[in-house]
Peer 1: 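One structure follows; several queries about it will come next.
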Amino acid sequence: MLTNAPRGTRDILPDTVGYWLHIEKTVRDICALYGYKEIRTPVFEHTELFLRGIGETTDVVEKEMYTFVDRGERSITLRPENTAAAVRAYLEHKLYADAALNKLFYIGSMFRYDRPQAGRYREFHQFGVEALGGSNPAIDAEIILLAVQFLKQLGLSELELSLNSVGCPNCRPVYRERLQAFFKEKLDGLCPDCRSRYERNPLRILDCKNERCQELSVGAPAITECLCGECQDHFSQLQECLTAADVQFQLDPRLVRGLDYYTKTAFEIKYAPLGAQSAVAGGGRYDGLVEECGGNATPAVGFAVGLERVLLALEKQQLLPVLSDSMDAFVVALGTEAQTPAFKLLCKLREKGLTANMDFAGRSMKAQMKQANKAQARFAVILGEEEVKESCAVLKNMQTGEQEKISLSELVNKLYAEVKD
RNA sequence: GUGGCUGUGGUGAAGCGGUUAACACACUGGAUUGUGGCUCCAGCAUUCGUGGGUUCAAUCCCCACCAGUCACCCCA
């Protein structure tokens, strides 16, 4: 137990952090391109925020939250997603006063108590975007484009974008009733889950993977047939924008998001080869959330990308960048007399901005040369007792094998010139 | 939370109810005393996820737990 990370968590080791940095850099580049500013919120929040924000009857809230009481008797929850927190910060710091439209992005750990499997962890990382304060369908289109461009920039292909509208508080109740009416006499045939969904959230029945439920829901009214005028307009304008931007999408009237705050636009980007956890990105519009959290009615859209899944997809498509961590110099010290002068030299190299390392274990020259080789050092700087006396060192080019003796006073500059040209 | 499969050294793996647990890679050291990448040699699991049980005997059989994996579920 002492030597095992908690279930569903993983260490990101030095040999793979480079992949994460690559993804994170792509995130920052894209967000800069689209004018989204980074926001960092706490890893935990008051439990109440998620109850209100995500919805008390959602699976995430009902059975997946890491909730505990802190020493001040507050109920605290490790964030299972970041939209509610972003909205909280938006209200707390009155960001709405800065601009009519706030475009934010975040990268960070989220926590859900799920059963781990490939692409699903208890601590996982999301990159997400929130545009607060705008109702224009062009903003929905913009963030979808942002998500698509992000994934494309990483090199991913074979992505499927599904799109739907889940309506608003005006038209969804109407649809809900029609759906209940449709399922009323089929209730006995539905799976137990769906029978409880019938009352609580009949839209989710359409989403059920159970074959029998799928069969029974054939011919069910589609939400898109029941949208109010406003939602309908919004949805069709969104589609126009996407088409204008040359984005391929597929309408999926069964697409339902699991978080209660969604209104109008809902979308999902899938990478099918990932198997059961193939949703790489998902999001939509949540026009009611800001008000639900105590602010003025404020329209908003956002999405989140699962970074572990992106990484898995990159692996599958062999798109991971080649990580090289070569360095400028490796200082080889021979004998006890040379240790301190070598260390001094190492410090000087680093002061000059040259990446350098040395062995601290007092190993043989051969072993040190091997290390220099493995560290992909461009130069080895060899310092033995003889050189110390003459106050010089041997500079060896590891690629060509050429080497020359050089006085210590010139060495740093010489090496700098060699490396930086 | 449910079900299936799996669990041998740093990694990939072979193995079998019975003395010393293959092999490869990695790692460490060495091949005339101060030179890497190739080659050669040597070292590297008192132990087979953990804890019980069956047996004269278990890494190989049984149970529990833990972990991984796949599916359900959920979602990013």
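The analysis underlying the following values was restricted to heavy atoms, covering all of them including side chains, and did not include hydrogens, waters or symmetry mates. Labels below follow one simple rule: chain letters A, B, ... track the order of the sequence lines, proteins then strands, and each chain is numbered from 1.
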Peer 1: Quick check on the 6.0 Å ring-centre criterion: do A/Y96 and A/Y90 meet it?
Peer 2: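 Between A/Y96 and A/Y90, the centre distance is under 6.0 Å.
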Peer 1: In whole Å, what separates the P atom of B/G7 from that of B/C63?
Peer 2: 15 Å
Peer 1: So if I take every side-chain heavy atom of A/A304 and compare against B/C73, B/U35, B/A76, which nucleotide ends up nearest?
Peer 2: B/A76
Peer 1: Let's test your reading of the model: under 3.5 Å, does the base of B/C75 pair with the side chain of A/R309 as donor and acceptor?
Peer 2: yes
Peer 1: Considering only the P atoms, how many Å lie between B/G17 and B/G10, rounded to the nearest integer?
Peer 2: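 26 Å, rounded to whole Å.
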Peer 1: Go through RNA chain B and write down every stem, that is, every run of at least three consecutive Watson-Crick or G-U wobble pairs with distances under 3.5 Å, as range with range.
Peer 2: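 Output for stems: B:1-7 with B:66-72, B:10-12 with B:23-25, B:27-31 with B:39-43, B:49-53 with B:61-65.
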Peer 1: Measuring centre to centre across the rings, with the benzene-like ring taken for any Trp, is A/F127 within less than 6.0 Å of A/F303?
Peer 2: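 That pair passes the under 6.0 Å test.
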Peer 1: How far, in whole Å, is B/C27 from B/U6 if one measures between their C1' atoms?
Peer 2: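 To the nearest whole Å, 28 Å.
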Peer 1: When we call it a touch if two heavy atoms are under 4.0 Å apart, what does A/G401 touch: a base, just sugar-phosphate, or nothing?
Peer 2: base
Peer 1: For the P atoms, the ones on B/A31 and on B/C48, what distance do you get once it is rounded to whole angstrom?
Peer 2: 37 Å
Peer 1: Taking B/C16 as the reference, what is the distance to B/U59 when you measure between their P atoms (whole Å, please)?
Peer 2: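 Going atom to atom, P in each nucleotide, I get 15 Å.
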Peer 1: Which letter, B, S or -, goes with each nucleotide of nucleotides 65-71 of chain B from 5' to 3', with contact meaning a protein heavy atom under 4.0 Å?
Peer 2: --SS-SB
Peer 1: Specify the residue among A/V256 and A/V394 whose closest nucleotide of RNA chain B lies further upstream toward the 5′ end.
Peer 2: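 That would be A/V394.
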Peer 1: Expressed as a whole number of angstroms, how long is the span from A/E64:CD to B/G1:P?
Peer 2: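 The answer, rounded to whole Å, is 12 Å.
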Peer 1: Is atom CD of A/E177 surrounded by more than 12 heavy atoms (other residues, nucleotides or ligands) closer than 6.0 Å?
Peer 2: no
Peer 1: Does NZ in A/K270 sit with more than 12 non-hydrogen atoms of other residues, nucleotides or ligands closer than 6.0 Å?
Peer 2: no
Peer 1: Using the six-membered ring of A/F182, assess whether NZ or CZ of A/K186 lies under 6.0 Å from its centre and within 45 degrees of the ring axis.
Peer 2: yes
Peer 1: Quote, to the nearest angstrom, the P distance that separates B/G43 from B/C5.
Peer 2: 41 Å
Peer 1: Ignoring hydrogens, what is the shortest heavy-atom contact between A/V256 and A/R204? Give both atom names and the distance.
Peer 2: CG1-CD, 4.0 Å
Peer 1: Are any of the side-chain nitrogens in A/E386 or A/K405 under 4.0 Å away from the carboxylate oxygens of its partner?
Peer 2: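 Looking at A/K405 together with A/E386, the answer is yes, because their closest N to O distance falls below 4.0 Å.
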Peer 1: Taking the side chain from A/R112 and the backbone from A/P80, do they hold a donor-acceptor pair closer than 3.5 Å?
Peer 2: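 Yes: the side chain of A/R112 pairs with the backbone of A/P80.
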Peer 1: When the distance from NZ of A/K396 to P of B/G34 is rounded to whole Å, what number comes out?
Peer 2: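 My rounded result for the distance is 15 Å.
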Peer 1: When you match A/M398 and A/E81 each to their closest nucleotide on RNA chain B, which lands nearer the 5' end?
Peer 2: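 Checking each residue's closest nucleotide, the 5'-ward one belongs to A/M398.
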Peer 1: Roughly how far apart, to the nearest Å, are B/A45 and B/C65 at atom C1'?
Peer 2: 24 Å
Peer 1: Return the value, rounded to whole Å, for the distance between atom CD of A/Q126 and atom P of B/C75.
Peer 2: 12 Å
Peer 1: Please give me every residue in residues 361-389 of chain A whose heavy atoms get under 4.0 Å of an atom in RNA chain B, ordered by residue number.
Peer 2: A/R363, A/S364, A/M365, A/K366, A/A367, A/M369, A/K370, A/N373, A/K374, A/I382, A/E386, A/E387
Peer 1: Could you check how far CG of A/N397 sits from P of B/U35, rounded to whole Å?
Peer 2: 18 Å
Peer 1: Measure CD/A/E130 against C1'/B/A76 and give the value in whole Å, please.
Peer 2: 13 Å
Peer 1: Only pairs under 3.5 Å count here: list side-chain donor-acceptor contacts from residues 26-39 of chain A, not counting sequence neighbours, and write none if there are none.
Peer 2:
from	atom 1	to	atom 2	distance (Å)
A/T26	OG1	A/H22	O	2.8
A/R28	NE	A/E38	OE1	3.2
A/R28	NH2	A/E38	OE1	3.1
A/R28	NH2	A/E38	OE2	3.0
A/D29	OD2	A/K25	NZ	2.9
A/Y34	OH	A/Q149	OE1	2.6
A/Y36	OH	A/E142	OE2	2.7
A/E38	OE2	A/R40	NE	3.0
A/E38	OE2	A/R40	NH2	3.4

Peer 1: Check A/D287 with A/R285, please: is the shortest side-chain N to carboxylate O separation under 4.0 Å?
Peer 2: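 Looking at A/R285 and A/D287, the cut-off is met.
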Peer 1: Any idea which heavy atoms bring A/Q117 and A/A276 closest together, and the distance?
Peer 2: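 Closest pair (atom of A/Q117, atom of A/A276, distance): NE2-CB, 3.7 Å.
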Peer 1: Looking at A/R79, A/R88, A/R52, which one forms a salt bridge (charged side-chain N to carboxylate O under 4.0 Å, His left out) with A/E45?
Peer 2: A/R88
Peer 1: Under the 3.5 angstrom rule, does the side chain of A/Y271 hit a backbone N or O of A/V310 as a donor-acceptor pair?
Peer 2: no
Peer 1: Which is true for A/D114 with a 4.0 Å heavy-atom rule: it touches a base, it touches only sugar-phosphate, or it touches nothing?
Peer 2: base
Peer 1: On a whole-Å scale, what distance lies between the P atoms belonging to B/C70 and B/A13?
Peer 2: 15 Å
Peer 1: If you measure from the Lys or Arg side-chain nitrogens to the Asp or Glu carboxylate oxygens, is any gap between A/E385 and A/K389 under 4.0 Å?
Peer 2: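 Result for this pair is no, no salt bridge flagged.
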Peer 1: Identify whether the distance between the nearest side-chain nitrogen and carboxylate oxygen of A/R122 and A/D114 falls below 4.0 Å.
Peer 2: no
Peer 1: Take the protein atom NZ of A/K63 and the nucleotide atom C1' of B/C72, then report the distance between them rounded to whole Å.
Peer 2: 11 Å
Peer 1: A/Y175 and A/C226: which non-hydrogen atoms are nearest, and at how many Å?
Peer 2: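 Nearest heavy atoms, A/Y175 then A/C226: CD1-SG, 3.5 Å.
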Peer 1: Rounded to the Å, how far apart are A/I23 CD1 and B/A76 C1'?
Peer 2: 13 Å
Peer 1: Using only atom types and a distance under 3.5 Å, with no angle test, would you say the side chain of A/D359 pairs donor to acceptor with the backbone of A/G362?
Peer 2: yes
Peer 1: Do any of residues 280-288 of chain A sit with a heavy atom less than 4.0 Å from RNA chain B, and if so which?
Peer 2: A/V280, A/A281, A/G282
Peer 1: What's the CD1-C1' distance between A/I143 and B/A76, to the nearest Å?
Peer 2: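 Going from A/I143 (CD1) to B/A76 (C1'), I get 14 Å.
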Peer 1: Under 4.0 angstrom, heavy atoms only, what part of the nucleic acid is A/Q403 near: base, sugar-phosphate, or nothing?
Peer 2: base
Peer 1: Please work out which residues in residues 340-348 of chain A have a non-hydrogen atom less than 4.0 Å from an atom of RNA chain B and list them by number.
Peer 2: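 Heavy-atom contacts with RNA chain B come from no residue of residues 340-348 of chain A; none.
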Peer 1: So, do A/Y113 and A/Y66 have ring centers that fall under 6.0 Å from each other?
Peer 2: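 So the answer is yes for these two rings.
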